[in-house]
Amino acid sequence: MSERPGNALMPNLLTPMDLEPNWEWREKLPAHGHMSVDFERRIDHDRLRRYRLARTRQSLKASNAGTLLLFDVNNIRYVSATKIGEWERDKMCRFCLLTGDDSPYVWDFGSAAEHHKRHSDWLEPSHCLAGVVGMRGTIPPEFGLMQKYAKQIAGLIRDAGMADMPVGVDYAETAMFHALQQEGLNVVDGQQIMLAAREIKNTDEIQLLTQAAAMVDGVYHMIYEELKPGIRENDIVALSNKMLYEMGSDDVEAINAISGERCNPHPHNFTDRLIRPGDQAFFDILQSYQGYRTCYYRTFNVGRATPSQNDAYVKAREWIDASIAMIKPGVSTDKVAEVWPTAQSLGFASEDQAFGLQFGHGLGLALHERPIISRAVSMDHPMEIKTGMVFALETYCPATDGYSAARIEEEVVVTETGCEVISLFPAEELPIANRY
């Protein structure tokens, strides 16, 4: 197959070099501007697309499956580099098929398929198809669309010579699973295949994650300046959304804004509560730049802090520093979790109840990728930390006053010798906003 004018090699002509992550571990990871320029090597999107597809094919070949059928929009984007907007994230209206070494097929929402033919020239035009299945059940199964597309998918799998091998599906509507089985397909868990592919980031993914973190650095400086009595939690959320979208965010997934007596227990949300003098307040900014996510907590006090609030912050900082010091290639996640306090020492009956408070999770096109680090899972099921992983580490410490608490989170890139922190708003000591 030949090249099309103005296009890199077609996706089915990948070479072993496309699996190279092209890391350059220098003194500091770059956080380039968002524009494309001729005088600096910034994001190479063709390289990024080829790397992600090559990683997926490698992971597929290492599994017992011959085909991947994907409904998770993060997986669809990773394999096909197509995205039609955040509104489709929970609709289950798009799907993608990868059979062996063939080019990916993408069934997209109506006219989006025609848009891909015109503008996504790394895809085979004939593989960009219009199609929809259940849209979370709003199109009932008896309408026959699931049977229609299950039959089409089964035919493509047979044509690719993969009919005797299992089909890895990440997730789908229950009726779609039934339709695939009725076509004689052996459905297995495809999400684990995809997560294995996505766990190691190449240089372009790391740059995108660093750029996303740099955006949050700026938002936290704005919060530091705005946080004062009379402003509400939801005001901070609104200001943060505005600033992020102005900087180029493509999705502000959520912003937790938690203050005062709401800090303990951690509610993971925001309200219209008015900020008051002496409040301890913490925030989490979850947003993405070109699909690559942030999860980045910071804690502030407003005007002043009490000794118990300071003590809680010092402990949370000690715990996160201890876990960062453990991060290097070859270390297992149980060793990281061991440096965090037990659930019982924080007043919880079990690690399940404390899940997510002392926590590590991979970052990429999804908020939670590999590795997951928690005393609830890592002690019995450790994973190896590898060069090129990018993840967040977060700690939480309730204050002895019974209602305040400190929450800190850092994003780290695993290098050849250790890790580099890419969340840079100062958090070594408790920041006091608008100090009295």
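Quick caveat: nothing in here was measured; it's all calculated off a predicted structure.
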Rounded at 0.5 Å granularity, tell me how far [atom1] in [X] sits from [atom2] in [Y].
X	Y	atom1	atom2	value
Ser332	Glu338	OG	CD	8.0 Å
Thr299	Ile258	OG1	CD1	9.5 Å
Ile193	Leu60	CD1	CG	6.0 Å

Could you check [options] and say which one makes a side-chain contact (heavy atoms from CB on, under 4.5 Å) with [X]?
X	options	value
Thr203	Glu24, Glu20, Arg47	Arg47
Tyr289	Leu209, Thr294, Leu208	Leu208
Cys295	Leu393, Asp284, Val216	Asp284

Verdict with supporting geometry, Arg42 and Asp204, salt bridge (Lys or Arg N to Asp or Glu O under 4.0 Å)
CA-CA 8 Å; Arg42 296 185 175 181; Asp204 302 297; over 6 Å; no

Is the gap between the ring centers of [X] and [Y] under 6.0 Å?
X	Y	answer
Tyr105	His127	yes
Phe95	Phe71	yes
His266	Tyr297	yes
Phe355	Phe359	yes

salt_bridge([X], [Y]) N-O dist < 4.0 Å:
X	Y	value
Glu86	Arg89	yes
Lys61	Asp101	yes
Arg407	Glu394	yes
Glu384	Lys386	no
Glu205	Arg52	no
Arg317	Glu428	no

With a 4.5 Å heavy-atom cut-off, do [X] and [Y] have their side chains touching?
X	Y	value
Phe283	Val237	no
Thr210	Ile206	yes
Leu97	Leu156	yes
Thr67	Leu98	no
Lys315	Trp319	yes
Gln211	Met215	no
Gln192	Arg370	yes
Glu351	Ser374	no

I'd like to know whether [atom1] of [X] has more than 12 heavy-atom contacts from other residues, nucleotides or ligands below 6.0 angstrom.
X	atom1	answer
Asp164	CG	no
Met17	CE	no
Lys91	NZ	yes
Glu225	CD	yes
Arg41	CZ	no

Shortest non-hydrogen separation from [X] to [Y] and the atoms involved:
X	Y	answer
Glu409	Ala392	OE2-CB, 3.1 Å
Thr387	Trp25	CG2-CZ2, 3.8 Å
Arg77	Leu365	CD-CD2, 4.1 Å
Pro21	Lys201	CB-O, 4.3 Å
Thr56	Met194	CG2-SD, 3.7 Å

Could you tell me how the ring of [X] sits relative to the ring of [Y]: parallel (under 30°), tilted (30 to 60°) or perpendicular (over 60°)?
X	Y	value
His119	His115	tilted
Phe300	Tyr224	tilted
Tyr220	Phe425	tilted

Which is it for Ser249 and Gln287 under the side-chain hydrogen bond (donor to acceptor under 3.5 Å, both in side chains) test, yes or no, and what are the steps along the way?
CA-CA 7 Å; Ser249 177; Gln287 63 97 28; 2.8 Å; yes

Start with the C-alpha distance between Ser423 and Glu410, add both sets of side-chain angles, then the distance that settles side-chain hydrogen bond (donor to acceptor under 3.5 Å, both in side chains), and finish with yes or no.
CA-CA 6 Å; Ser423 44; Glu410 303 288 14; 2.5 Å; yes

Run the ring pair (Phe, Tyr, Trp, His ring centres under 6.0 Å) check on Phe109 and Trp87 step by step: do they pass?
CA-CA 12 Å; Phe109 195 83; Trp87 65 268; 5.1 Å; yes

Under the side-chain hydrogen bond (donor to acceptor under 3.5 Å, both in side chains) rule, what do Ser80 and Arg49 come out as? Steps first, then yes or no, please.
CA-CA 8 Å; Ser80 69; Arg49 287 186 283 261; over 6 Å; no

Indicate whether the side chain of [X] and that of [Y] have a donor and an acceptor atom separated by less than 3.5 Å.
X	Y	result
Thr415	Glu420	no
Ser378	Asp334	no
Arg198	Ser59	no
Arg262	Asn269	yes
Asp352	Ser350	no
Asn75	Gln191	yes
His34	Gln290	no
Tyr51	Asn22	no
His178	Gln182	no
His116	Asp108	yes

Between Asp217 and Tyr296, does the side-chain hydrogen bond (donor to acceptor under 3.5 Å, both in side chains) criterion hold? Intermediate values first, please.
CA-CA 9 Å; Asp217 296 339; Tyr296 181 169; 2.6 Å; yes

Could you walk me through whether Arg136 and Asp90 pass the salt bridge (Lys or Arg N to Asp or Glu O under 4.0 Å) test, one step at a time?
CA-CA 8 Å; Arg136 298 176 69 95; Asp90 67 344; 5.1 Å; no

For Thr271, what residues pass the side-chain hydrogen bond (donor to acceptor under 3.5 Å, both in side chains) criterion, not counting sequence neighbours?
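side-chain hydrogen bond (donor to acceptor under 3.5 Å, both in side chains) list for Thr271, sorted by chain: Glu233.
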
